Amino acid sequence: MKKSYTLVLLKFGFIFLSLIVFRSLSNYQITTEEKYSSISKNIENHKLESKIIGLGGYQESCLEFDLKNMTPDTLFIKLEPGRRIVSVDSSFQDILIVKERRIILPPYKSMKFDGYGFCCRATKGSPRKDSEFQIGYMAPPEWIVLAEVINENKFPISAIQNAIWVVSDNHSIASIHHDKMEDIDLLRRTVAKIKGVVLPWYSITYEKDTARLFSNKPERIFGNFEYYINKNAMMLINVRSQKGKLMATLLKDKANNPGKHLFKLDLNVKNWPKGEYQIYVYEDYSNLNMKLPFTLN
């Protein structure tokens, strides 16, 4: 009986001790989390000296932060997604940070680390190696939303850059393109919500320009659309301008059985004027089945 009583006491003692340890660890985690403060706050409070230079480029790990702790205390520093790092030379691009970095900097120690961000001034020049930057400021709330989504997910580099330019430079949302569009669905939906627009059914790629980061000249349009027919028919699909000018014939003399059909659009629009266009789907050459708009901008 005495042995059983002792085992019960030991069991309850172990549970009690476990609760104390768990609570202590929880308090430690909360306390540690709360210790992290914005890099700009530490600079403003003269706890931190910083130097930010370009590594030569405008995407991904394109900045180097050189920090020095000026205090006798360990600093817990946070570089936030959504912080706009400002170029000292106004002819160069600013960089929007999209990946969070947390740094623990011991007393009076220095540390260098890379900042992960993307250009948010498409018409400016790419920063040169060793070009100087200032710590800048937190971007508007909608920019921060986009940066946090990028921080929490993995997207293709080109799609990230174009998504940022849609928000920062008012580019067309159709410019967010990737070979596997399903991989960037969340990114596109996030930008559409930020901009308050309907997500387009198509995407656009643009001509390359060695003198500029973004040529703003549409080159190809991609997208899938479906049409339905209820009888055997010869199909004709073409593209016309807003004024009715025939721009391209996508399908001609194609016999289709009744049912749903998928058309995969991959169209060269190089040198087409910017503006509104319509895709027309005809049955037996003259009966309009459907039309679908797109815009080159």
Side-chain angles (χ1 to χ4, degrees), residues 122 155-156 158-167 169-209 212-297:
F155 299 116
S158 61
I160 293 174
Q161 181 61 87
N162 283 311
I164 289 172
W165 280 339
V166 172
V167 175
D169 293 73
N170 203 32
H171 288 186
S172 168
I173 194 170
S175 65
I176 309 173
H177 171 79
H178 185 56
D179 291 341
K180 295 181 179 179
M181 293 297 287
E182 63 273 14
D183 290 351
I184 61 171
D185 181 63
L186 174 60
L187 184 64
R188 294 177 79 235
R189 284 191 288 108
T190 299
V191 174
K193 187 174 181 179
I194 289 171
K195 298 289 287 185
V197 299
V198 176
L199 191 63
W201 63 271
Y202 57 91
S203 61
I204 301 171
T205 59
Y206 293 76
E207 293 180 40
K208 302 296 182 183
D209 189 336
R212 303 172 62 190
L213 292 182
F214 184 74
S215 70
N216 201 26
K217 298 176 181 178
E219 184 171 46
R220 301 195 77 84
I221 178 171
F222 301 87
N224 299 335
F225 62 88
E226 293 180 338
Y227 61 90
Y228 179 86
I229 56 176
N230 55 21
K231 61 181 180 64
N232 292 325
M234 298 296 290
M235 305 305 298
L236 170 67
I237 303 177
N238 59 35
V239 183
R240 294 182 179 274
S241 69
Q242 196 171 21
K243 294 182 178 180
K245 179 182 177 182
L246 178 65
M247 302 299 296
T249 298
L250 306 178
L251 188 68
K252 187 177 181 181
D253 298 332
K254 174 68 174 178
N256 275 177
N257 296 323
K260 185 184 293 184
H261 297 269
L262 175 68
F263 189 88
K264 296 183 177 181
L265 178 67
D266 177 357
L267 178 63
N268 187 338
V269 294
K270 189 174 182 178
N271 298 324
W272 285 25
K274 292 185 178 182
E276 303 287 334
Y277 295 86
Q278 293 274 1
I279 296 175
Y280 290 86
V281 179
Y282 293 99
E283 300 177 32
D284 297 325
Y285 305 108
S286 59
N287 298 322
L288 182 63
N289 176 288
M290 64 172 286
K291 59 182 180 179
L292 197 61
F294 66 86
T295 303
L296 297 181
N297 56 6

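Worth saying up front: this structure is predicted, and the values here are computed from it rather than measured.
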Whether the side chain of [X] engages the backbone of [Y] through a donor-acceptor N/O pair (distance < 3.5 Å, no angle test) should be reported.
X	Y	result
N268	K270	yes
T295	N297	no
R189	L199	no

Please tell me if the side chains of [X] and [Y] come closer than 4.5 Å, counting only heavy atoms from C-beta onward.
X	Y	value
T249	L236	yes
L267	Y277	no
M181	R188	yes
F214	D209	no

Side-chain polar contacts of residues 256-265 - donor-acceptor pairs under 3.5 angstrom, sequence neighbours left out - could you list them?
| from | atom 1 | to | atom 2 | distance (Å) |
| --- | --- | --- | --- | --- |
| N256 | OD1 | Y227 | OH | 2.5 |
| H261 | NE2 | N257 | O | 2.7 |

Applying side-chain contact (heavy atoms from CB on, under 4.5 Å) to S158 and not counting sequence neighbours gives none
The criterion is side-chain contact (heavy atoms from CB on, under 4.5 Å); which residues satisfy it with A233, sequence neighbours excluded?
I229, K231, M235, E283, D284
Kindly compute the distance separating [atom1] ([X]) from [atom2] ([Y]), expressed to the nearest 0.5 Å.
X	Y	atom1	atom2	answer
Q161	F155	CD	CZ	14.5 Å
T190	L186	OG1	CG	4.0 Å
I237	L250	CD1	CG	6.5 Å
D169	N162	CG	CG	10.5 Å
R240	I279	CZ	CD1	13.0 Å
I204	I176	CD1	CD1	11.5 Å

Would you list the pairs meeting ring-ring contact (aromatic ring centres under 6.0 Å, His included) in which at least one residue belongs to residues 172-197, sequence neighbours left out?
H177-F222
The complete set of ring-ring contact (aromatic ring centres under 6.0 Å, His included) pairs with one or both residues in residues 233-252, sequence neighbours excluded, reads none
Is it the case that more than 12 heavy atoms not belonging to E207 sit under 6.0 Å from its CD atom?
yes
Between [X] and [Y], which heavy-atom pair has the shortest distance, and what is it?
X	Y	answer
P218	Y206	N-CD2, 3.5 Å
L296	P273	CD1-O, 4.1 Å
S172	V166	O-CG2, 3.4 Å

Are Y228 and N289 linked by a side-chain donor-acceptor pair shorter than 3.5 Å?
no
Can you list every pair that meets side chain to side chain donor-acceptor pair (under 3.5 Å) and has a residue in residues 191-202, with sequence neighbours left out?
N170-K195
